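Accompanying notes for the structure given below.
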Amino acid sequence: MSISRVDTVSIPVSDQNQSLTFYRDALGFELIRDHQADKHKRWIQLAPKGAETTISLVRPFAGMKAGSVQGLVVQTDDIHSTYDELSSRGVPLSEIVTLIGGRFATFVDPDGNGWVLIEANTQMLA
């Protein structure tokens, strides 16, 4: 078996239009695809500029609940400027915390899906 990377992470949301606005306009993610298969099925795929892994904003399925995804991590080279920019766009961020290996702040999307913004001083490996 040869699994090479995480391709797409599904983010369960209650309102795809509201979430698209948040991820595209507030977070600055690039829209890759917005496909309406029918009135009940829509595929919205976004990613930070230059990222390999994408997210899809999906209506909850298979036991998912909107707002149930927690702990997704996005990285920045300058947490202070990114923090200021996101705050000016209305993203509700926690205080910046400094730990061994870097600084981070947390935020949630309109449904409560939880994210971590991190500036790592060293390579952060799980």
Side-chain angles (χ1 to χ4, degrees):
M1 177 168 59
S2 178
I3 296 174
S4 61
R5 67 185 178 105
V6 174
D7 184 77
T8 304
V9 176
S10 294
I11 308 295
V13 299
S14 60
D15 181 328
Q16 287 178 302
N17 289 324
Q18 177 187 33
S19 294
L20 173 57
T21 298
F22 176 79
Y23 284 93
R24 183 192 59 213
D25 300 344
L27 295 185
F29 284 20
E30 294 183 331
L31 180 63
I32 296 167
R33 186 171 293 109
D34 186 351
H35 177 73
Q36 184 82 43
D38 61 36
K39 70 179 190 171
H40 300 291
K41 295 178 186 167
R42 182 178 178 193
W43 180 260
I44 302 173
Q45 186 176 11
L46 303 105
K49 185 175 182 168
E52 279 192 34
T53 302
T54 66
I55 63 167
S56 61
L57 304 177
V58 300
R59 291 183 178 182
F61 64 91
M64 290 178 164
K65 292 181 184 174
S68 63
V69 173
Q70 301 297 313
L72 294 169
V73 179
V74 288
Q75 189 165 351
T76 180
D77 293 329
D78 183 346
I79 196 163
H80 292 288
S81 67
T82 303
Y83 185 99
D84 291 343
E85 184 173 349
L86 292 177
S87 293
S88 74
R89 294 179 185 180
V91 177
L93 290 130
S94 70
E95 291 184 28
I96 296 173
V97 175
T98 301
L99 292 176
I100 298 170
R103 292 183 281 274
F104 73 91
T106 60
F107 64 92
V108 296
D109 74 5
D111 284 298
N113 291 299
W115 290 81
V116 180
L117 174 67
I118 189 164
E119 176 191 294
N121 294 333
T122 60
Q123 187 174 9
M124 306 283 287
L125 300 174

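Residue numbers run from 1 in the order of the sequence given. Remember, it's a predicted structure, so these values are computed and weren't measured experimentally.
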Next item on the list: Could I get the full list of side chain to side chain donor-acceptor pair (under 3.5 Å) partners for Gln36, not counting sequence neighbours?
Entry: none
Item checked: side-chain contact (heavy atoms from CB on, under 4.5 Å) involving Asp38 - partner list, sequence neighbours excluded -> His40, Lys41
Item checked: Those residues that, when tested against Asp34, pass salt bridge (charged side-chain N to carboxylate O under 4.0 Å, His left out) (two or more places apart) -> Arg42
Would you tabulate the side-chain donor-acceptor contacts of residues 92-106 under 3.5 Å, counting partners in other chains and residues two or more places apart, or write 'none'?
from	atom 1	to	atom 2	distance (Å)
Ser94	OG	Thr106	N	2.8
Ser94	OG	Thr106	OG1	3.2
Arg103	NH2	Glu119	OE2	2.4

Next item on the list: To the nearest 0.5 angstrom, please state how far the CG atom of Leu46 sits from the OG1 atom of Thr8.
Entry: 10.5 Å
Check: Taking all non-hydrogen atoms of both residues, which atom of Ala66 and which atom of Pro60 are closest, and how far apart?
Finding: N-CG, 3.7 Å
Note to self: Given 3.5 Å as the limit, does a donor-acceptor pair link the side chain of Asn113 with the main chain of Val69, or not?
What the structure shows: yes
Next item on the list: Determine yes or no for a side-chain-to-main-chain donor-acceptor pair under 3.5 angstrom, with Asp111 supplying the side chain and Ser14 the backbone.
Entry: yes
Checklist line | Non-neighbouring partners of Ser87 that pass side chain to side chain donor-acceptor pair (under 3.5 Å), sequence neighbours left out | finding: none
Notebook entry, point to check: How would you list, by chain and number, every residue that makes a side chain to side chain donor-acceptor pair (under 3.5 Å) with Ser10, sequence neighbours excluded?
Noted result: Ser56
Next item on the list: Not counting sequence neighbours, list each pair that qualifies as a salt bridge (charged side-chain N to carboxylate O under 4.0 Å, His left out) and has a residue in residues 47-72.
Entry: Arg5-Glu52
Next item on the list: Could I get the full list of side chain to side chain donor-acceptor pair (under 3.5 Å) partners for Thr82, not counting sequence neighbours?
Entry: Thr76
Notebook entry, point to check: In chain order, what residues pass the salt bridge (charged side-chain N to carboxylate O under 4.0 Å, His left out) check against Asp78, with sequence neighbours excluded?
Noted result: none
Item checked: Rounded distance [0.5 Å steps], CD1 in Ile55 versus CG in Leu72 -> 8.5 Å
Check: Under a single-linkage definition using a 4.5 Å side-chain heavy-atom cutoff for Ile, Leu, Val, Met, Phe, Trp and Tyr, are Val74 and Val13 assigned to the same hydrophobic cluster?
Finding: yes
Checklist line | Over all atoms of both residues, closest heavy-atom pair of Thr54 and Gln45 | finding: OG1-NE2, 2.9 Å
Next item on the list: Please write out which residues are connected to Ile3 in a hydrophobic cluster, directly or through intermediates, given that two of Ile, Leu, Val, Met, Phe, Trp, Tyr count as joined at side-chain heavy-atom separations below 4.5 angstrom.
Entry: Met1
Margin query: Please say yes or no: joined through hydrophobic side-chain contacts below 4.5 Å, possibly via intermediate residues, are Ile11 and Leu20 part of one cluster?
Written below: yes
Output a table of donor-acceptor pairs, distance under 3.5 Å, between side-chain atoms of residues 23-31 and any protein atom two or more places apart or on a different chain; print 'none' if there are none.
from	atom 1	to	atom 2	distance (Å)
Tyr23	OH	Asp109	OD2	2.7
Tyr23	OH	Trp115	NE1	3.0

Item checked: Val58: hydrophobic cluster co-members (side-chain, 4.5 Å) -> Trp43, Phe61, Met64
Check: Between Val9 and Val73, is there a shared hydrophobic cluster once you connect ILVMFWY residues whose side-chain heavy atoms come closer than 4.5 Å?
Finding: no
